[in-house]
Amino acid sequence: MPPPSSAARERESARDPRTIATRVLSGALLVLLTAIWWWSSAGDEEPQAPTPAVIDARPSPPTAPEQGAGVERTMLAEEPPRAPEPTSPPPPDVDLDHAWQHQLALRFVDRYGLPVPDATAYVAPPGCALARWPDPTDARGELIITFAAKQRTVQLSLTAMAWGETQAVQRFECDAEHPAERTLVLRGKAQTQDALEHVRRRDLRDLQRDASRVQEDSRRSDRASRDELDILCGRSQFLFRMFECVMCHDQSRLQRHAALAQAPTAATQLHPHARFWEPVATVGALELAMQRERRPPEPEAEAAARQRRLPPRGTQLWGSVRDARGKPAADQPVVALAADGAVLHRTLTDARGRYRIDGLQPGPVRLAAGGAEQGRTETVLEIAGERQSWDCRLELQSVVRGVVRDPQGQPLVGWLVEFERDDGRHADLTATDADGRFLFPDAFGQGTCRLWRGDGSDALPVRYGAVALPDSTPLPFDLAAGVPVRARLRVSPLLPPRYGRATVDVRVTQLETGCSAPMPPLNVDDAFEIEGLPPGPYLVEFGVPVLGIVETGPVHVDGRGLWDLGRISLAAPGRVHVVPATGEPSPLDGEFAFYHRTDAFDVRATTRQLSDDLHEIRAGHHLLLWRADGVVRAVEFDVQAGITTTLRVPTWRGVR
């Protein structure tokens, strides 16, 4: 039988069970080696960096394992479940805290040392417009200003308005650990209680007719006699509570302070601590007139109630006042004060020194007469019956005297001299007589004097720092020939494009006295200039709504010539574009406010709205506050001059 062929041998071997097992083992070994090589080569490759545009910060849910991957399925089953993360983390908290609580106790008096009720205070830190404090002075002429700050020691500029006249601006330093008490003497002349009551009994139409009469009558030249029309127009706080008038009386100096014409109330708004504003635009005379015309007429019931508001019937007090030499004292105030110093009634003596007060109620009353250079007297009188008399004689005690002359030795007549006690709790103001002499009664304690020009301008003191001692030799307060007071200070603000017609407020501060004054426009080259400055350091501030306030100085002048600071540029504003989170309402749709962040305060910022979500704002560090779901939200951002900043507001969904 012939041997089998090779093909037959192969067919026979394939059917052998041992051969089948060997092939299966070889295939498995090959698959295993291939898998080991593949895993080792994959570990040597570098990972590819992901593209930034496709990065998703949110965690991805785990993918379901493939069928048959038992190991992966076991690992997923043993992994602890992850807590779902919020879709948007809470935004970082903004520190709005003003840790230092400040208090400034003010007392406003007139040149007779009597309290001034219903005076309005205007305050501001550096770099802000003067803002009206919400509360006027009480019947004792007192006002307590409280505010919060980020620093223990801060500076405040302060002025007051009484009888329609703004007073000289003064700068104070406030220390949170030592509450300050200051007495400020106000310029101007207070009206009697009878004149005020006569005005209050007139209805709104009568007041409007009176104001029109003052505006049309340009021939009234006798300003020495004050009547109800002077009270209505620029002479009384009563006017500014009804009319907001700044143009119809040529003696009203409110128009010289553009920042005061429409000064905002120092309210906190959204911010729990911010009480100050940047400069705000003023309202023109035409718009003011339209506001007055839009006022509804007074209802007849209110007009009748006004007529019924007459002084209550009571005791009539009458008498006469004489000076220290026994002569009748004319035009001297006689005031009835309550036990706490509140003014109950105020009147003036006539040419023969006589007076009359109606409507005093039974009980003890403090009566005070005089208070200027003729002297002062005060007593406590028990009021009883229908008529009662009180005659008095003025006395001079604890007197500071002095004389003011020019460099040639001639007396300076009608110049103002201000006395301030060193502790700041007493102040007085008087004018020099025909011989250049001045006198302050009741000046208990050492103080200093300041000399102001007598032309009624808002210029700064020309002499200051003279030490005054009561009952000592007369103080020589002369203008020395070697200390000139002829310096002029000039500045030309340079505004960015589109702000060429903006209202510019310029203020100069005498650093050695803390007194400030508005710098009037020169009407040449858009410059502002003030003259009559004595030697010393000065600080110039000028500001524009939206652009903020720029401070330059100190500038040391020598009392001679022109000191021109040249053109000083105000930085162009930036823009902030507010973009809310997807699906969220814009913060600008409801109650919101922008704040400028400084070292001492967060100040309410003035912006210019260009569109619903685009505002023009000064360059610097800012804050946006708005109310959403009953909660105040806050974000910080920076703005550069001339650049639009996109503020992407995160979502607070689910966050309280």
Side-chain angles (χ1 to χ4, degrees), residues 100-110 115-138 140-149 151 153-176 178-188 237 240 253-254 256-261 263-267 274-280 418 420-421 423-427 429 450 452 458 460-461 464 505 507-518 539 541 543 549 551 598 600-601 603:
W100 296 96
Q101 301 297 320
H102 292 261
Q103 178 175 302
L104 178 61
L106 300 174
R107 182 171 180 263
F108 294 156
V109 298
D110 61 9
V116 179
D118 292 331
T120 303
Y122 293 83
V123 294
C128 297
L130 295 166
R132 182 177 65 248
W133 203 253
D135 302 319
T137 55
D138 58 17
R140 297 169 296 183
E142 297 177 356
L143 173 66
I144 297 179
I145 293 178
T146 58
F147 58 94
Q151 297 176 346
T153 303
V154 296
Q155 283 189 336
L156 283 185
S157 295
L158 179 138
T159 187
M161 187 175 69
W163 317 302
E165 294 189 8
T166 52
Q167 312 298 315
V169 181
Q170 299 192 39
R171 180 173 290 194
F172 297 96
E173 189 173 84
C174 300
D175 192 329
H178 304 283
E181 297 182 19
R182 300 299 296 261
T183 297
L184 302 180
V185 57
L186 304 185
R187 306 178 187 183
Q237 186 64 26
F240 294 96
R253 299 177 187 169
L254 181 65
R256 302 188 186 182
H257 296 264
L260 297 184
T265 301
R275 286 187 174 270
F276 302 104
W277 289 58
E278 289 184 346
V280 294
E418 184 180 10
E420 184 177 12
R421 206 164 64 192
D423 60 3
R425 299 186 180 184
H426 177 77
L429 182 73
R450 300 171 183 165
W452 306 73
D458 290 330
L460 298 169
Y464 48 85
D505 290 336
R507 190 165 61 218
V508 58
T509 301
Q510 197 174 55
L511 294 179
E512 292 184 352
T513 63
C515 297
S516 301
L539 190 70
E541 302 169 280
I549 288 183
E551 186 178 279
T598 66
F601 302 95
V603 181

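Not a single donor-acceptor pair under 3.5 Å links the side chain of Glu551 to the backbone N or O of Pro126. Of the possible donor and acceptor atoms, one in the side chain of His102 sits under 3.5 Å from a partner among the backbone N and O of Gln151. Of the possible donor and acceptor atoms, one in the side chain of Thr137 sits under 3.5 Å from a partner among the backbone N and O of Val116.
In this structure, the side chains of Val154 and Phe147 come closer than 4.5 Å at one or more pairs of heavy atoms. Side chains of Thr146 and Gln101 form no contact here, defined as non-hydrogen atoms less than 4.5 Å apart. Looking only at side-chain heavy atoms (C-beta outward), Glu418 and Pro461 stay at 4.5 Å or farther from each other. Looking only at side-chain heavy atoms (C-beta outward), Leu106 and Leu158 come within less than 4.5 Å of each other. Counting only heavy atoms from C-beta outward, the side chains of Asp110 and Leu186 never approach each other to under 4.5 Å.
Interatomic distance, Asp423 CG to Thr183 OG1, rounded to the nearest 0.5 Å: 8.0 Å. Note that the CG atom of Asp135 and the CD atom of Glu142 stand 13.5 Å from one another [nearest 0.5 Å]. Rounding to the nearest 0.5 angstrom, the gap separating the CD atom in Gln170 from the CZ atom in Phe172 is 5.0 Å. Between Phe108 atom CZ and Gln167 atom CD the span is 8.5 Å, to the nearest 0.5 Å.
What you find for Ala162 and Ala119 is that their closest heavy atoms are CB-CB, 4.1 Å. For Val169 against Ser157, the heavy-atom pair with the smallest separation is CG1-CB, 4.2 Å. For the residue pair Cys515 and Leu460, the shortest heavy atom distance occurs at O-CD2, 3.5 Å. Counting all heavy atoms, side chain and backbone alike, Ala121 lies closest to Ile145 at CB-CD1, 4.5 Å. Heavy-atom minimum distance, Pro136 versus Leu143: O-CD1, 4.0 Å. Taking all atoms of both residues into account, the shortest heavy-atom contact from Val109 to Ala427 is CG2-O, 4.1 Å.
The pair Arg182-Glu420 counts as a salt bridge, with a side-chain nitrogen and a carboxylate oxygen less than 4.0 angstrom apart.
By the salt bridge (charged side-chain N to carboxylate O under 4.0 Å, His left out) test, Glu278 is found to be paired with Arg618, residues two or more places apart in sequence or in another chain being considered. Scanning for salt bridge (charged side-chain N to carboxylate O under 4.0 Å, His left out) contacts around Arg107 gives an empty result, with sequence neighbours left out. For Glu181, the salt bridge (charged side-chain N to carboxylate O under 4.0 Å, His left out) partners at least two apart in sequence or on another chain are Arg425. Take Asp175 and apply the side-chain hydrogen bond (donor to acceptor under 3.5 Å, both in side chains) test, not counting sequence neighbours, and it matches Arg152. With sequence neighbours left out, the salt bridge (charged side-chain N to carboxylate O under 4.0 Å, His left out) criterion links Glu541 to Arg171, Arg507. Residues meeting the side-chain contact (heavy atoms from CB on, under 4.5 Å) test with Pro125, sequence neighbours left out: Cys128, Leu156, Phe276, Phe601.
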